[in-house]
Structures are given as C-alpha cells and as structure tokens.
**Q** 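Have a look at this one.
In what follows, chains carry the letters A, B, and so on, assigned in the order in which the sequence lines appear, proteins first and then strands, with residues in each chain numbered from 1.
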Amino acid sequence: MRFSKLFAPTLKESPADAEIPSHKLLVRAGFIRKKASGLYDILPLGVRVLLKIEKIIREEMNRAGAQEVILPIMHPAELWIESGRWNAYGKEMIKFEDRHGRSYALGPTAEEMITDLVRKEVKSYKDLPLNLYQIGRKFRDEIRPRFGLMRAREFIMKDAYSFHTSDEDAEREYWNMYETYSRIFSRMGLKFKAVEADTGEIGGSFSHEFMVIADTGEGKLVFCEKCGYAASTEKAEAVKPEVPESRESLFKEIEKVSTPNVKRIEEVSNFLNVPKNNILKLLVYIVDGKPVAVAVRGDKDVEETKLKNAFKAKEIRLATEEEIEKFTGQPKGFLSPINLPIPVYADYSVIPLVNFVAGAGEKDYHLRNVNWGRDFKVEKFIDVAEVKGGEPCPKCGNPLTEKRGIEVGHIFKLGTKYSKAMNATFVDENGEEKPIVMGCYGIGVTRVMAAAVEQNYDENGIVWTPEIAPFEVIVIPVNVKNDEIRETAEKIYEELKNKGLDVLIDDRNARPGFKFKDADLIGIPVQVIVGKKVSEGKVEIKVRKTGEKAEVPIEEAASRTLETLWELQSK
RNA sequence: CGGGGCGUGGCGCAGCCUGGUUAGCGCGCUUGGUUCGGGACCAAGAGGUCGGGGGUUCAAAUCCCCCCGCCCCGACCA
C-alpha cells in the first residue's frame with residue numbers, strides 16, 4: 001500500500017471529546033471517526049486491524065472444531081418472546097417494526113437465533129455436538145456509551161454457541177473454548193487473565209471472563225500469584241472467618257454516644273477515633289421489592305452482583321432515603337441493627353467483629369460496644385463484600401493481587417436455559433427426548449482493538465504488536481525527490497511485499513520528520529528508513545516499540561526486517 | 001434517569017461575565033517560492049447560518065427561555 005493513496009487522516013491534536021488513550025489515539029491516527037455517541041466509522045487502518053483480529057479468531061475457532069455461520073442482525077420478536085427475554089433484556093435492546101407492524105430487535109446477542117436454527121435441524125444425538133459461531137455486528141443501546149470503542153452501541157462481536165447431549169460434553173467444550181480463547185489472545189500479543197466471572201444476563205451455571213490488563217479497564221479482578229486463582233471482583237469469594245473463641249467473654253456494655261451530624265463511616269471513624277474496620281456499615285437494599293438490611297464491616301464495600309446472587313434476586317437496588325425511614329423507622333445515617341423491623345444479613349467480614357460501633361437508630365447518636373448475637377439477630381452470614389487486593393486467596397490463603405482489566409472475551413456454560421425455553425431437544429440412544437445442553441462464547445472484536453491500544457502505546461502514539469498491526473512494516477524514503485533514495489525504497493518495498501509482508505511505503509512528498517511522526521502515531525511495528533546513507537549502501541531498520549535502530553546493507557534490508565518481526569513476535 | 005461541562009471555518013481553542021464597527025488565533029487546506037533526518041519557513045488566498053428556535057434590545061456569538069447534540073461524574077458506603 002502506498003501512503004499517498006491511503007485514506008488515513010491523522011491529526012496533530014487529540015479530539016476534544018476523547019478521554020482515554022485508545023480513543024484519542026485511534027482517532028488521531030486515523031483508524032476511527034465518531035459518527036454519533038457510541039457509533040463509529042471505521043477507516044481503512046481500523047478495518048485492517050479488525051480483519052487481522054478476525055483472522056486469528058477464525059483460525060483458532062475452526063481449529064477448535066467450530067463452524068462459521070451468518071445469522072440475520074434483525075431478530076424477529078417471537079423468538080425473544082419465546083425465550084422470555086423480549087422484556088427481560090430491557091431498554092438495552094433496540095426494537096422496531098417493519099411495514100407490516102411486525103416487531104424486531106437489532107441483535108444484542110444471538111442465543112435465540114441460533115437455538116431456533118439448531119432446534120429445527122438437529123433431532124438426533126448423532127448430530128451433536130455442534131459449535132457454531134459468527135462474526136458480526138451487535139447492537140446494545142447502552143445507558144451511557146463511553147470511552148470510544150470500549151463501550152459502543154454498535155460493535156463487532158464474535159459469538160459462538162455450542163450444543164451437546166450431556167452436561168459433561170458441554171463442559172468439555174467449555175474448556176476447549178477456554179484453551180482456544182487463551183491461544184487467541186496470546187497470539188494477539190496481549191497480556192490477559194482468564195477470571196472466574198458472574199454469569200449476568202446471559203444466565204447459565206459458570207463462566208470465565210478474559211480480561212486484558214489495563215488501568216483504564218472498567219472491570220476489576222483479583223488473582224493469586226501462587227495458586228493461579230483469578231476472579232472478577234463481581235465473583236471473587238472471601239474467605240469465611242472463624243467466629244472468635246469465647247467472644248462473649250469480651251463483650252462490653254453498650255454505650256450511647258452523641259455524634260452530631262456524623263454519618264459517613266469516614267466521619268464516624270474520625271469523630272470517635274475508631275478504625276473503620278470496627279464500625280458496622282448498615283445498608284438497606286430493596287431485593288426484588290422487599291427491604292433487607294445488609295451489614296458489612298466499615299472498611300468494606302458491598303459488591304452488588306454478589307449480593308444479587310446471594311439472594312438469587314432478579315433485581316436489587318439501594319433503598320431511597322424515604323424508603324429507609326419508612327421501612328426501618330430510623331433516620332438515614334444513624335441506622336441501628338438493633339430492633340430493626342427488617343431482617344439483617346451480614347457479610348462475612350462482620351463475623352469477627354466484637355464491641356463495634358453502629359448507629360443508634362436515632363439522629364445524631366451512635367452506639368459503642370455493639371455485638372451481633374447478643375444485641376441483634378443476624379438472619380444469615382453471606383459473602384457480599386468486594387474482595388480487594390491484599391486479602392487472602394480463597395483457595396490457598398496467599399495475598400491476592402488486584403488489577404483493572406478490559407473484558408474482551410466471555411465464556412458461559414449455559415446448560416438448558418434456552419433449549420428448555422425454546423424446546424430445543426434431541427433424541428438420545430435410547431429413543432428418549434432430551435433438552436440440548438448449551439454453551440456460549442463471545443469475543444468483542446472492536447473492543448479487542450481498543451484494548452490492544454490501551455495496553456500498547458507511548459507518548460508518540462500506538463505500538464501495535466505485529467500480529468494485529470495494520471501494516472507490519474513501513475518503508476520511509478526520507479526524500480522522494482532524491483532518485484536514489486526513492487528507487488531504493490521502492491525496491492525494498494517490492495521485496496518485502498514479495499516476502500508476503502503487509503507493507504506500507506510512505507511515498508508522500510513530505511519532510512522526514514512529518515513521516516516519522518505519522519509512522520510512530522499509527523504504530524507500525526517496524527520502520528525501514530531509507531535516507532542519505534543509501535549512497536553508502538545502507539538503510540536503517542527501526543523498532544517502534546523500543547526505538548532501537550540498526551544500520552543494514554540495502555541487500556539485507558528485507559531479510560533483516562523479517563528477522564526483526566520474528567523477534568518481536570516471539571516476545 | 002440525576003448532576004456538571006461543552007457546542008464559534010475541517011481540527012484545537014479565544015471572545016461571552018461587563019451586548020456596540022469588517023468574529024479572532026494556532027493547526028490544516030489552496031497557489032507560488034525557499035526548504036528536506038523528528039509534525040519547516042516566507043508570501044498570497046479560500047473557508048464561518050457563532051448547534052437550532054424563540055425572546056429582550058436601537059443593536060445579540062455575548063443577556064433570558066425552550067429544544068437538540070456531545071463529553072464527564074453518578075445512579076453505591078445509611
């Protein structure tokens with residue numbers, strides 16, 4: 001490809017509406033343009049990267065035995081009504097009608113569509129197992145699209161669905177996909193972690209998220225360097241503490257203290273000079289319409305996904321101030337677990353607490369030396385606090401490491417949720433009709449592109465790994481008006497193309513500095529710079545990532561470039 | 001949905017508070033020339049319904065109201 005013909009409008013300045021590096025750089029370097037909130041034009045450079053990402057995905061999915069299909073983006077409403085998700089999926093789904101008044105949705109995911117296909121065509125155990133995937137656009141009307149490609153309303157996803165005669169076989173495929181995903185992200189040169197995850201809207205029994213480690217990630221994860229345990233904080237389990245021996249003997253008398261206008265844990269801690277971890281934080285949640293009190297240690301945060309799961313609830317939310325007063329008869333900010341008219345569920349972190357501070361149930365007062373069991377009843381101890389770095393690993397006890405990550409892949413073992421709802425069955429060896437057991441597996445293709453940038457950039461621009469770079473090499477003649485330089489560059493360009501590389505030649509009549517800036521910004525991994533030293537028979541090979549330069553004889557330029565790429569890939 | 005911010009040539013911004021001639025600046029673009037190893041310089045140009053609508057006023061980019069778009073924070077610590 002010749003740069004003079006390439007539609008890659010680069011910008012000197014970052015767009016005003018971009019916040020995170022991947023968004024700024026992808027726009028600046030001419031990979032994407034915003035069309036509207038959460039909607040992006042993808043320009044040729046962006047398409048090149050996406051195609052490379054898709055190529056790796058296809059190769060690995062095919063190798064794993066999956067087969068590609070293309071399903072409509074327009075989903076008939078009936079299927080979603082049948083699965084019960086037409087309303088359950090909610091406002092995130094874009095719905096519309098055709099001229100006949102028939103309802104459709106723009107597919108946010110395709111369990112219904114694929115299950116419909118398979119239930120019609122698959123009748124016997126002999127047709128199973130089956131793993132079908134597609135790579136295409138998905139639509140989700142996000143509450144708040146943000147961070148460029150990271151959370152867009154239209155995006156490209158690879159979604160795969162597998163079908164099995166048994167739970168065991170579905171599990172086998174689950175791990176097959178786990179391995180496949182690991183290979184996919186490794187091949188892309190990304191630093192990632194597979195973490196145990198919540199199953200969320202999709203449902204199913206267990207799942208893993210593949211997270212690309214990056215500070216700007218929306219997700220948090222913890223992992224154990226020792227035993228390999230890794231989980232999303234939406235899922236990570238806390239170690240259940242022992243009830244302290246003879247704790248009753250330590251109990252002191254409750255003492256009521258005046259705490260005028262002191263509400264927040266931070267304020268209480270300072271005012272009473274008590275560490276946050278000896279204060280009870282009491283929250284009122286509305287769990288599927290019913291109020292419950294949730295107690296956690298003062299220095300902990302409630303992880304709402306864990307809470308939702310602990311109650312097997314459909315919907316949970318914090319109570320409003322009015323609701324709190326209505327259901328508890330106590331003022332917000334001074335809630336006491338004592339004599340609460342609603343049940344108190346306590347997080348594991350409350351178990352070891354003795355003589356702690358809690359609200360007094362009346363304005364401007366707290367209590368010291370409160371003890372669960374003696375002063376109030378705990379309905380049940382549940383694990384609902386967010387696990388943080390430094391806390392013990394639930395598997396081996398080693399302190400956990402905490403990182404932020406971008407979810408680029410998610411695999412689920414679905415079980416029979418959809419096959420039962422949609423009556424997708426097969427006949428087994430004994431002539432018995434059974435529901436098909438399913439799994440599903442997604443990769444956010446456009447998000448991978450953003451995540452890759454988020455993980456690989458510097459002050460000069462993007463630094464692509466060779467595997468997904470839009471071009472593997474750029475040949476830069478520093479002055480195209482100099483015949484010797486131009487001709488040498490053209491020769492090397494042809495040679496590199498003949499070696500099968502994706503190569504760009506910057507044949508623009510521009511100053512060298514201008515070309516260097518663009519090459520760095522776009523992030524092409526290897527630059528072959530053809531300058532004045534051609535007269536001495538030499539050109540320069542520069543590695544974008546490290547800035548290392550090597551002078552090589554013209555004849556070796558192509559082979560040395562190839563070697564350089566090899567080295568970059570093996571790292 | 002709640003809160004905050006922004007909207008001025010293609011891009012990034014100033015001007016607005018305190019209304020007053022031709023609405024500025026940098027980048028980019030066009031033409032000519034000089035340059036040519038880290039986003040050159042000189043000269044001459046083109047390009048704007050100041051997001052939209054309504055209002056106040058002799059006069060509105062500027063003040064008021066409504067709407068639209070975009071961004072950020074939040075929808076959590078009782």
**Q** If we count only N and O atoms by modelled type, under 3.5 Å, do the side chains of A:Asp520 and A:Gln527 hold a donor and an acceptor together?
**A** yes
**Q** Counting the atoms with a prime plus P, OP1 and OP2 as sugar-phosphate, which does A:Leu335 contact under 4.0 Å by heavy atoms, base, sugar-phosphate, or nothing?
**A**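 It contacts sugar-phosphate atoms only.
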**Q** Base, sugar-phosphate or nothing for A:Ile265? Non-hydrogen atoms, less than 4.0 Å.
**A**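 If one applies the 4.0 Å heavy-atom cut-off, A:Ile265 turns out to touch the sugar-phosphate alone, with no base involved.
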**Q** Answer with yes or no whether A:Asp520 presents, from its side chain, a donor or acceptor under 3.5 Å of a partner atom in the base of B:G38.
**A** yes
**Q** Hey, does A:Phe147 reach any base, or is it just sugar-phosphate, or nothing, if we go heavy atoms under 4.0 Å?
**A** sugar-phosphate
**Q** With a non-hydrogen cut-off below 4.0 angstrom, is A:Ala36 in contact with a base, only sugar-phosphate, or nothing?
**A** sugar-phosphate
**Q** Taking any heavy-atom pair under 4.0 Å as a contact, classify A:Arg28: base, sugar-phosphate, or nothing.
**A**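 Since a base atom lies under 4.0 Å of A:Arg28, the category is base.
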**Q** Is a donor-acceptor contact shorter than 3.5 angstrom present between the side chain of A:Asn479 and the base of B:G37?
**A**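 Result: no qualifying N/O pair found.
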**Q** Classify A:Asn482 by what it touches in the nucleic acid, base, sugar-phosphate, or nothing, heavy-atom distance under 4.0 Å.
**A** nothing
**Q** Would you classify A:Asp301 as touching base, sugar-phosphate or nothing, given that sugar-phosphate means primed atoms plus P, OP1 and OP2, and contacts are heavy atoms under 4.0 Å?
**A**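 Base, at least one base heavy atom under 4.0 Å.
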**Q** May I ask you to decide whether A:Arg486 forms a salt bridge with A:Asp483, counting only side-chain N to carboxylate O separations under 4.0 Å?
**A** yes
**Q** Would you tell me if any nitrogen or oxygen in the side chain of A:Ser37 comes within less than 4.0 Å of OP1 or OP2 on B:G69?
**A** no
**Q** Considering every strand and a 4.0 Å limit on heavy-atom distances, what is the contact class for A:Arg146: base, sugar-phosphate, or nothing?
**A**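 Since only primed, P, OP1 and OP2 atoms lie under 4.0 Å of A:Arg146, the category is sugar-phosphate.
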**Q** Taking the P atom in each of B:C64 and B:U18, what is the distance between them to the nearest angstrom?
**A**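 So the two P atoms sit 9 Å from each other.
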**Q** For B:G37, does OP1 or OP2 lie under 4.0 Å from any side-chain N or O of A:Lys532?
**A** yes
**Q** For atom C1', what is the distance between B:U62 and B:G7, given to the nearest Å?
**A**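 Here B:U62 and B:G7 have their C1' atoms 15 Å from each other.
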**Q** Is there, by distance only and without an angle test, a donor paired with an acceptor across the side chain of A:Lys12 and the base of B:C27 below 3.5 Å?
**A**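 No such pair is found, so the answer is no.
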**Q** Is A:Glu454 paired with A:Arg404 through a side-chain N to carboxylate O contact shorter than 4.0 Å?
**A**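 A:Glu454 and A:Arg404: not salt-bridged.
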**Q** Using 4.0 Å as the upper bound for N to carboxylate O, is an ion pair formed by A:Glu362 and A:Lys256?
**A**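 A salt bridge is present here (some side-chain N lies under 4.0 Å from a carboxylate O).
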**Q** How far does the C1' atom of B:G47 sit from the matching atom of B:G24, given to the nearest Å?
**A**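 Those two atoms are separated by 15 Å.
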**Q** Output the rounded distance in Å from CD (A:Glu13) to C1' (B:G26).
**A**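 It is 8 Å, rounded to the nearest whole Å.
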**Q** Suppose you measure atom C1' in B:G12 against the same atom in B:G48; what distance do you get, rounded to whole Å?
**A** 16 Å
**Q** Does A:Glu540 reach a base, just sugar-phosphate, or nothing at all? Heavy atoms under 4.0 Å.
**A**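 Counting heavy atoms under 4.0 Å across all strands, the contact made by A:Glu540 includes a base.
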**Q** Between B:G39 and B:C29, how far is it from one C1' atom to the other, in whole Å?
**A** 16 Å
**Q** Looking only at N and O atoms, is any donor in the side chain of A:Lys542 or the base of B:G37 less than 3.5 Å from an acceptor on the other one?
**A** no
**Q** Okay, side chain of A:Lys306, backbone of A:Ala236: is any donor-acceptor separation there less than 3.5 Å?
**A** yes
**Q** Within the 4.0 Å heavy-atom criterion, would you say A:Lys91 contacts the bases, only the backbone, or no part of the nucleic acid?
**A** nothing
**Q** Can you say whether the rings of A:Phe31 and A:Trp464 are parallel (under 30°), tilted (30 to 60°) or perpendicular (over 60°)?
**A**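 Tilted.
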**Q** A:Gly531 near the nucleic acid: base, sugar-phosphate alone, or nothing, with a heavy-atom cut-off under 4.0 Å?
**A**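 Base: the residue A:Gly531, judged by heavy atoms under 4.0 Å, touches a nucleobase.
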**Q** With a non-hydrogen cut-off below 4.0 angstrom, is A:Ser14 in contact with a base, only sugar-phosphate, or nothing?
**A**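 Sugar-phosphate, backbone atoms only, no base.
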